[in-house]
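First comes the structure, then the notes that go with it.
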Amino acid sequence: MRALTCFRSRIGEHTVPELPEVETTRRGLMPHLLGKTLRHIVVRNPRLRWPVPEDLGKRMSGQPVTGLERRGKYLLLGLPKGTVMLHLGMSGSLSLVDSKIPPGKHDHIDMVLDSGLNLRFNDPRRFGAVLWVEGDPAEHALLRHLGPEPLGEEFDGDYLYHISRKRKQAVKSFLMDSQVVVGVGNIYANEALFMGGIRPGSQAGRISRPRYGLLAQAVIKVLESAIEQGGTTLRDFVGGDGRPGYFKQSLQVYGRGGLPCLNCGAALKEIRLSNRSTVYCVQCQR
DNA sequence: ACGAAGCCCTGCAAGC
DNA sequence: TGCTTGCAGGGCTTCG
């Protein structure tokens with residue numbers, strides 16, 4: 001069995017898994033998981049955002065994987081008797097490794113498949129989560145109040161316009177609220193607001209319907225092109241073909257505070273908004 | 001009810 | 001060189 005490393009984290013070039021990264025991981029893992037049976041589970045370090053259930057192995061083992069879905073940034077590993085709900089937090093990653101490869105420092109969980117591959121959950125900062133859910137995962141407390149998928153039917157300018165009325169918070173905070181729309185993290189919120197020409201600190205309730213139309217289109221565009229290119233954190237993965245990530249090169253504002261705007265040349269301004277790094281162009285974003 | 005702040009955690013970079 | 005300090009951030013939780 002060749003050491004098929006589908007996604008393997010590389011230390012030192014850390015970026016946060018956002019929706020495109022989670023979706024890329026899902027698509028990459030899918031063909032190696034579907035229909036395979038979980039032989040055994042090793043919980044090496046149960047300390048994550050919430051403790052990994054002690055009986056996770058007992059719940060999971062012996063069952064075939066029937067699905068791998070995504071809700072926001074949560075991955076849902078479907079089994080006949082329940083669902084394993086995973087979140088990568090800020091530093092989590094899933095890799096497929098040969099089951100003989102010994103675990104590293106932050107490898108919390110191994111899920112060994114009957115194919116000989118091992119689905120390994122690694123998370124240095126432990127903001128991630130691995131939980132066992134019985135019944136409909138959509139009804140789970142962590143999922144039931146989530147807003148629509150940004151790439152789904154429900155999400156558009158009219159939707160944003162309607163639910164933003166009378167809201168005084170900054171539009172960037174509004175956009176990053178998972179009850180408004182899921183999966184828009186700090187990086188892509190910055191990028192989408194730049195693309196939509198909207199200043200991050202503007203009150204959400206004071207933005208017009210047409211401008212929300214532009215913003216919704218920008219969110220969709222930014223996420224779709226990131227998924228297309230394999231997600232920002234592809235540079236953190238050594239894919240099956242060893243191709244490094246490159247999407248970071250196409251980030252227009254995030255991480256570019258003080259540098260010239262790629263549209264007009266003015267120095268990009270960097271502020272803190274909801275305690276998150278916020279970069280925008282004072283010329284292009286009003 | 002809404003919105004802001006707090007907190008969890010480790011790796012890395014900068015400063016001394 | 002080796003310490004200390006600050007920063008990064010998703011998102012649940014608590015506070016105002």
Side-chain angles (χ1 to χ4, degrees), chain A residues 9-25 44-52 70-76 85-94 104-109 121-131 133 137 140-150 160 162-193 200-207 219 223 226 231-233 235-236 248 251 253-258 270-279:
Chain A
S9 90
R10 179 154 37 109
I11 308 299
E13 288 184 36
H14 173 257
T15 47
V16 179
E18 296 216 39
L19 186 145
E21 288 72 26
V22 177
E23 179 61 19
T24 300
T25 297
R44 206 166 283 106
N45 179 359
R47 294 188 304 162
L48 290 171
R49 171 179 262 283
W50 300 283
V52 177
R70 179 186 60 73
R71 177 73 176 102
K73 295 180 189 171
Y74 290 91
L75 280 171
L76 304 171
M85 191 159 72
L86 304 103
H87 198 291
L88 301 177
M90 286 192 53
S91 58
S93 62
L94 284 164
K105 192 176 176 186
H106 300 293
D107 289 335
H108 287 251
I109 303 176
F121 184 90
N122 176 286
D123 188 5
R125 293 186 192 178
R126 295 165 36 196
F127 279 27
V130 178
L131 299 169
V133 183
H140 190 277
L142 292 170
L143 304 186
R144 63 181 305 173
H145 298 296
L146 292 180
E149 290 287 330
L160 286 177
H162 284 301
I163 68 158
S164 63
R165 292 310 90 185
K166 294 179 182 172
R167 292 185 72 148
K168 292 182 177 172
Q169 72 184 141
V171 63
K172 178 160 174 268
S173 308
F174 170 74
L175 198 58
M176 290 175 67
D177 182 344
S178 63
Q179 301 203 32
V180 172
V181 58
V182 296
V184 183
N186 196 43
I187 294 174
Y188 295 116
N190 278 298
E191 294 300 310
L193 286 160
S202 301
Q203 279 186 25
R206 293 192 166 197
I207 291 172
V219 168
L223 293 176
T232 304
T233 48
R235 69 205 191 93
D236 285 346
K248 188 167 194 262
L251 294 178
V253 285
Y254 181 79
R256 298 196 64 247
E270 181 155 9
I271 60 169
R272 307 286 301 176
L273 213 53
S274 305
N275 218 23
R276 294 288 182 263
S277 168
T278 303
V279 187

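Small disclaimer: the values here were computed from a predicted structure and weren't measured. Sequence lines set the chain letters: A, B, ... in the order given, protein chains first and strands last, and positions in each chain run from 1.
Distance, A:Lys166 NZ to B:dG3 C1': 17 Å, rounded to whole Å. Counting to the nearest Å, the C1' atom of B:dC8 and the CG atom of A:Asp123 are 12 Å from each other. If you measure from atom CD of A:Glu21 to atom P of C:dG9, you get 14 Å, rounded to the nearest angstrom. The CD1 atom of A:Ile163 sits 11 Å away from the P atom of B:dC2 (whole-angstrom rounding). The NE2-C1' distance, from A:His106 to B:dT10, rounds to 7 Å in whole Å.
Within 4.0 Å (heavy atoms only), A:Ser277 reaches sugar-phosphate atoms of the nucleic acid but no base atom. No engagement by A:Arg47 is indicated, since no non-hydrogen atom pair under 4.0 Å with the nucleic acid exists.
Note on A:Arg125: every side-chain N or O is 4.0 Å or more away from OP1 and OP2 of C:dC7. One finds no side-chain N or O of A:Tyr188 lying less than 4.0 angstrom from the OP1 or OP2 phosphate oxygen of C:dG9. Phosphate contact (OP1/OP2 of B:dG11, side-chain N/O of A:Lys105, threshold under 4.0 Å): present.
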> Which is it for A:Arg256 and A:Glu270 under the salt bridge (charged side-chain N to carboxylate O under 4.0 Å, His left out) test, yes or no, and what are the steps along the way?
Replying inline: CA-CA 8 Å; A:Arg256 298 196 64 247; A:Glu270 181 155 9; over 6 Å; no
> Along nucleotides 10-16 of chain C, 5' to 3', which nucleotides get a B, which get an S, and which get a -, given that the test is a protein heavy-atom distance under 4.0 Å?
Replying inline: BBS----
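For A:Met176 against A:Ala189, the heavy-atom pair with the smallest separation is CG-CB, 3.7 Å. Heavy atoms only, all atoms of each residue included: A:Leu76 and A:Leu143 are closest at CD2-CD1, 4.2 Å. A:Ser93 and A:Leu88 get closest at one heavy-atom pair: N-CD2, 3.9 Å. Across every non-hydrogen atom of A:Leu19 and A:Glu149, the tightest pair is CD1-OE1, 4.0 Å.
Looking at A:Val130 and A:His108, their side chains never come closer than 4.5 Å, going by heavy atoms from C-beta outward.
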